[in-house]
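Read through the structure below, which is laid out as structure tokens, and then see the notes.
Along the sequence shown, the residues carry numbers beginning at 1.
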Amino acid sequence: YYAVYPYSAFRYFSPTEPSVAVMNLPTLQKAVKNEVPRERRLSIGHASDNDRRMTFNEKVSYLKFTIGPGSGNIRSISLVSDSSPLSGDFSVLCDGGYDTYPMPGSAYNVCLASSGNYLEEGDYYVAFRYVNSLSLDIAFEDEDGRIALKSTSLSSYEPGQIVDMGTV
């Protein structure tokens, strides 16, 4: 037994093979202060014949960035991976596993961009595909187009978890 949230992600049903949902994570995400982009989430619930308790597995994770008073005027934050697609379309088997499979057009980056001139003070979240272990380059672009880079590795986080990257 399984359930797909949101149901609109459910694409293919088969009684003999794993059914499929499709998750879309845009490469360019709009920055909304103090708001986790929950409309980007995908959860697959799974239960067996022997145990009918539904356990949901999240397929999306989030990085949280705090823009503080000394951060300057940040225009965008970009995540780049050299090993795993982070955005685009991903197929997900509804069999209770954690894996998502990149579809054509998936990208190795995702960008959180301000809808105004720059990101105001506050917390901002970037949604990306959960991967068991991930190395990222994070690029912060200021109002003058200058870019600061930070490299990080994520290995002990769970799907659906918000990973706090601290103050920019």
Side-chain angles (χ1 to χ4, degrees), residues 1-65 76-115 119 123-139 141 150-165:
Y1 302 93
Y2 59 87
V4 177
Y5 176 83
Y7 181 73
S8 59
F10 186 64
R11 295 291 170 88
Y12 171 75
F13 171 76
S14 170
T16 58
E17 300 172 16
S19 298
V20 175
V22 173
M23 173 177 68
N24 176 268
L25 290 171
T27 302
L28 182 61
Q29 297 179 21
K30 180 180 174 185
V32 179
K33 185 168 70 168
N34 301 326
E35 188 175 306
V36 178
R38 298 284 185 201
E39 74 279 0
R40 302 280 177 234
R41 84 188 298 180
L42 176 65
S43 296
I44 307 291
H46 185 260
S48 68
D49 283 338
N50 299 329
D51 185 359
R52 301 268 174 106
R53 288 177 292 176
M54 188 73 68
T55 302
F56 280 87
N57 294 323
E58 292 274 355
K59 307 299 180 183
V60 177
S61 294
Y62 308 93
L63 288 184
K64 173 185 171 187
F65 296 93
S76 68
I77 301 171
S78 297
L79 312 178
V80 180
S81 167
D82 61 0
S83 61
S84 182
L86 302 175
S87 62
D89 288 333
F90 302 93
S91 62
V92 182
L93 301 181
C94 300
D95 62 358
Y98 286 101
D99 291 334
T100 58
Y101 303 95
M103 296 173 68
S106 295
Y108 287 78
N109 66 307
V110 63
C111 180
L112 179 68
S114 169
S115 57
L119 303 174
D123 296 332
Y124 293 90
Y125 301 85
V126 178
F128 64 100
R129 176 179 80 116
Y130 171 75
V131 180
N132 189 27
S133 180
L134 185 62
S135 293
L136 289 174
D137 289 323
I138 304 171
E141 181 187 10
K150 175 182 179 179
S151 295
T152 190
S153 293
L154 304 174
S155 58
S156 59
Y157 71 105
E158 298 294 325
Q161 179 181 352
I162 297 173
V163 180
D164 191 344
M165 300 303 294

* Structure fact -> Rounding to 0.5 Å, atoms CD (Glu58) and OH (Tyr5) come to a distance of 9.5 Å
* Structure fact -> Paired with Cys94, the side chain to side chain contact (heavy atoms under 4.5 Å, CB included) test is passed by just one of Phe13, Tyr2, Tyr12, namely Tyr2
* Using the side chain to side chain contact (heavy atoms under 4.5 Å, CB included) rule, take Asn109 and Leu79 through it: C-alpha gap first, then chi angles, then the decisive distance, then the call. => CA-CA 5 Å; Asn109 66 307; Leu79 312 178; over 6 Å; no
* Asked: How about Ser61 and Tyr157: does a side-chain donor come under 3.5 Å of a side-chain acceptor?
  -> no
* Asked: Any donor and acceptor pair, going by atom type alone, linking the side chain of Gln29 with main-chain N or O of Val110 inside 3.5 Å?
  -> no
Show the atom names and distances, to 0.1 Å, of all donor-acceptor pairs under 3.5 Å that link a side chain in residues 130-137 to residues at least two apart or in another chain.
{"unit_1": "Asp137", "atom_1": "OD1", "unit_2": "Ser151", "atom_2": "OG", "d": "2.6"}

* Calculate, to the nearest 0.5 Å, the distance between atoms OH and CG belonging to Tyr125 and Leu63 respectively. => 11.5 Å
* CA sep, side-chain torsions, deciding dist, call: Thr100, Leu42, side chain to side chain contact (heavy atoms under 4.5 Å, CB included) -> CA-CA 11 Å; Thr100 58; Leu42 176 65; over 6 Å; no
* Is there a side-chain contact between Asp49 and Tyr1, using heavy atoms and a 4.5 Å cut-off? -> yes
* Backbone N/O of Asp123 and side chain of Asn34: donor-acceptor pair under 3.5 Å -> yes
* **Residue Arg53 excluded, over 12 heavy atoms near CZ under 6.0 Å** => no
* Between Asp99 and Val92, which heavy-atom pair has the shortest distance, and what is it? -> O-CG1, 4.1 Å
* Taking all non-hydrogen atoms of both residues into account, name the closest pair between Phe90 and Leu25 and its distance. => CE1-CD1, 4.4 Å
* **Note, Val126 side chain near Leu86 side chain (heavy atom, < 4.5 Å)** => no
* Asked: How close do His46 and Met54 get, heavy atom to heavy atom, and via which atoms?
  -> N-SD, 3.2 Å
* Taking side chain as C-beta onward, heavy atoms only, is Tyr124 less than 4.5 Å from Leu112? -> yes
* To do: For residues Tyr108 and Ser83, report the shortest heavy-atom separation together with the two atoms involved.
  => CE2-C, 3.7 Å
* Evaluate the side-chain proximity of Ile138 to Phe65: yes if any heavy-atom separation is below 4.5 Å, no if none is. => yes
* Would you check if Tyr62 and Arg41 make a side-chain contact, meaning some heavy-atom pair closer than 4.5 Å? => yes
* **Minimum heavy-atom distance between Arg129 and Pro102, given as atom pair plus value** => NH1-CD, 4.2 Å
* Asked: Which residue pairs pass the salt bridge (Lys or Arg N to Asp or Glu O under 4.0 Å) test when at least one of the two sits in residues 23-35, sequence neighbours left out?
  -> Lys33-Glu120
* Asked: Does Cys111 offer a backbone N or O that forms a donor-acceptor pair with the side chain of Ser78 under 3.5 Å?
  -> no
* Asked: Can you tell me how far the OG atom of Ser91 sits from the CE atom of Met103, to the nearest 0.5 Å?
  -> 6.0 Å
